[in-house]
Amino acid sequence: MPKVTYVHPDGAREVLDVPVGTSVMRAAIMNGIDGIVAECGGEMMCATCHVYVELEQLGRTPPMSDDEKAMLEFTASERKPNSRLSCQLVATDEFEGLVIYLPESQV
Amino acid sequence: MADPVVAIIGAGQAGFQTAASLHDEGFGGKVLLIGDEPVLPYQRPPLSKSYLAGESGADELWLRPAEFYSSHQIELVHSETVTGIDRDRRRLRLGSGNEIAWDHLVLATGARCRLLIVPGAELDGVLPLRTLADADTLRDRLDKAHHIVVVGAGFIGLEFASVAIAHGADVHIIEVTRQAMGRVVSAQTSRFFTDAHIRWGAKVSFGTAVGRIFGTGGRVAGVVTTDGRHLPADLVLICIGVIPNAKLAREAGLEVDNGILVDEYLRTADPMIFAIGDCANFPTPFAPTAQARGLQANRRIRLESVQNAVDQARCVAAHIAGRPEPYRKVPWFWSDQGDLKLQIAGITAGHDEAVTRGDPVSGHFSVFCFCGGRLIGVESVNRPADHVVARRLLAGEPGLSPEQAADESYDLRAHARRPAESAPSLISGKPAGRCCR
């Protein structure tokens with residue numbers, strides 16, 4: 001099972017085993033990682049599961065849809081080139097060792 | 001003095017969010033979240049969408065895992081009903097016979113399905129859809145159903161219908177008014193969705209209602225419409241709207257009129273009692289006539305949505321934690337039907353002008369709705385970028401004309417980003433879209 005590291009804004013790190021087919025958002029919610037709100041439950045409606053993917057690992061994540069691009073306009077924290085909605089980061093074997101940075105704020 | 005106690009009645013999306021936000025706000029008192037269902041707080045939207053379709057499981061419905069509540073100092077009480085509110089003694093009476101003391105009370109009691117009062121409504125196979133238990137029953141029945149009648153062409157009915165069609169059932173939707181989702185969307189959007197459902201294979205009858213339901217051996221066999229047609233059915237879904245759960249509030253002497261009446265801070269007449277989510281009737285600058293006339297006369301409204309539940313919960317949690325702000329969030333909604341995603345920003349009911357951006361034939365378009373020349377809401381179909389811009393525009397003074405909205409070469413994003421001085425906020429004195437945060 002791919003191991004994904006979640007890095008909090010204060011630098012604290014948590015590592016989760018994310019089953020293939022499960023999103024980085026859902027894994028965080030079900031494991032009680034604070035910092036991902038996900039108020040719409042993964043429908044790409046709210047932009048409260050915003051994360052930054054380690055820049056050189058971006059290529060391992062699935063491509064961004066137009067819906068996701070549009071919704072990233074609505075993030076509470078700054079949108080950066082490595083911004084993603086974690087509900088769209090559905091784990092594959094490629095996710096082994098992925099590092100995700102949580103933003104300062106989701107709302 | 002003992003730590004203050006916040007009791008939250010109702011463990012749906014609004015109740016859950018109040019408890020979670022109190023923790024985020026650093027509230028030091030005790031938080032009690034009381035729900036009458038036997039399960040963890042869960043999300044409702046998938047119940048008529050992916051969960052019903054069997055694409056997601058129950059473990060994806062929970063808002064948070066069980067451990068979240070203890071680690072966030074939230075005392076979750078489930079399978080418990082509240083039978084009375086004693087405002088003088090600040091106590092709740094519980095179905096179990098116990099009493100709970102509170103200092104702040106949050107009513108997040110939600111709503112229940114409106115019942116269809118016709119002969120045969122009690123037959124086996126005539127079902128509602130609101131709770132996880134309802135969805136489990138429907139999921140089970142859906143596999144065996146061949147002829148389904150959906151009573152009511154609102155969001156829930158149409159979402160269910162699209163899932164049922166995909167399951168291979170015959171689906172007949174009957175709607176007493178002349179339009180699908182007529183209470184919440186423009187005629188253009190309504191017509192587009194009606195056509196889509198017909199294209200997917202549903203039959204749709206407007207302007208007719210259920211006269212009676214008939215069955216054999218206690219099981220439903222069909223529906224007789226008020227215009228005299230016999231429709232065979234082994235499953236009938238009743239989705240004709242909801243009624244806010246306001247009995248506790250009424251019996252406690254709080255005013256109720258299509259929901260529990262609250263002020264712009266979401267407080268009832270008792271300043272220690274708030275009401276939020278589906279059960280709350282609140283004043284808003286986003287109701288149409290208020291916008292046409294300016295802010296003098298905010299209209300009252302009651303909304304049934306995730307956004308409303310979550311944002312009102314945050315507003316109340318901040319208030320209890322000592323940061324009171326009036327509630328003025330832009331309402332938004334969504335509905336998934338077949339391959340169509342409908343996203344609504346603002347409240348479009350009451351518009352006097354509607355223009356379309358994009359070509360409905362392409363399956364990607366938005367309807368921009370105006371009242372007195374002012375943008376009041378936008379309905380987007382498979383066009384999320386418009387929806388995002390609309391939410392931004394509606395949080396301030398939109399300053400968008402119908403001509404600009406209809407002109408696809410006009411850059412809406414640039415319009416939404418124009419300097420704040422040229423875009424005075426609808427909400428005077430507040431930065432647009434940032435109150436209650």
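Note that the coordinates shown come from a computational prediction; the quantities given were computed from them, not determined experimentally. So that the names make sense, note that chain A is the first sequence line, chain B the second, and so on, each numbered from 1. These values consider heavy atoms only, across backbone and side chains, with no hydrogens, waters or symmetry-generated copies.
- In this structure, the portion of B:Val310 lying under 4.5 Å from any heavy atom of chain A is its side chain and not its backbone.
- Considering only heavy-atom pairs separated by less than 4.5 Å from chain B, the leading option among A:Met71, A:Glu43, A:Lys69 is A:Glu43.
- Rounding to the nearest 0.5 angstrom, the gap separating the CD1 atom in A:Ile33 from the CZ atom in B:Phe68 is 13.0 Å.
- With hydrogens and angles ignored, the 3.5 Å screen pairs no side-chain donor or acceptor of B:Arg391 with any backbone N or O of A:Phe74.
- For the pair B:Arg64 and A:Ile36, the tightest heavy-atom approach, listed with the atom from each and the gap, is NH2-O, 3.6 Å.
- Counting only heavy atoms from C-beta outward, the side chains of A:Asp34 and B:His72 approach each other to under 4.5 Å.
- Heavy-atom proximity under 4.5 angstrom to chain A picks out B:Trp332, B:Phe333, B:Trp334, B:Asp336, B:Lys341, B:Gln343 from residues 332-346 of chain B.
- At a heavy-atom cut-off of under 4.5 Å, chain A is reached by B:Asp59, B:Glu60 from residues 54-61 of chain B, listed in order of number.
- Rounding to the nearest 0.5 angstrom, the gap separating the SG atom in A:Cys40 from the CD atom in B:Gln43 is 8.0 Å.
- Within the model, atoms CG of B:Leu63 and CD of A:Glu39 stand 11.0 Å from one another, a figure rounded to the nearest 0.5 Å.
- Nearest heavy atoms, A:Ala70 versus B:Pro384: CB-C, 3.9 Å.
- The minimum heavy-atom distance between A:Gly32 and B:Pro65, with the atom names listed, is N-CG, 4.2 Å.
- Contact of A:Glu68 with chain B is not made at all, since no heavy-atom distance falls under 4.5 Å.
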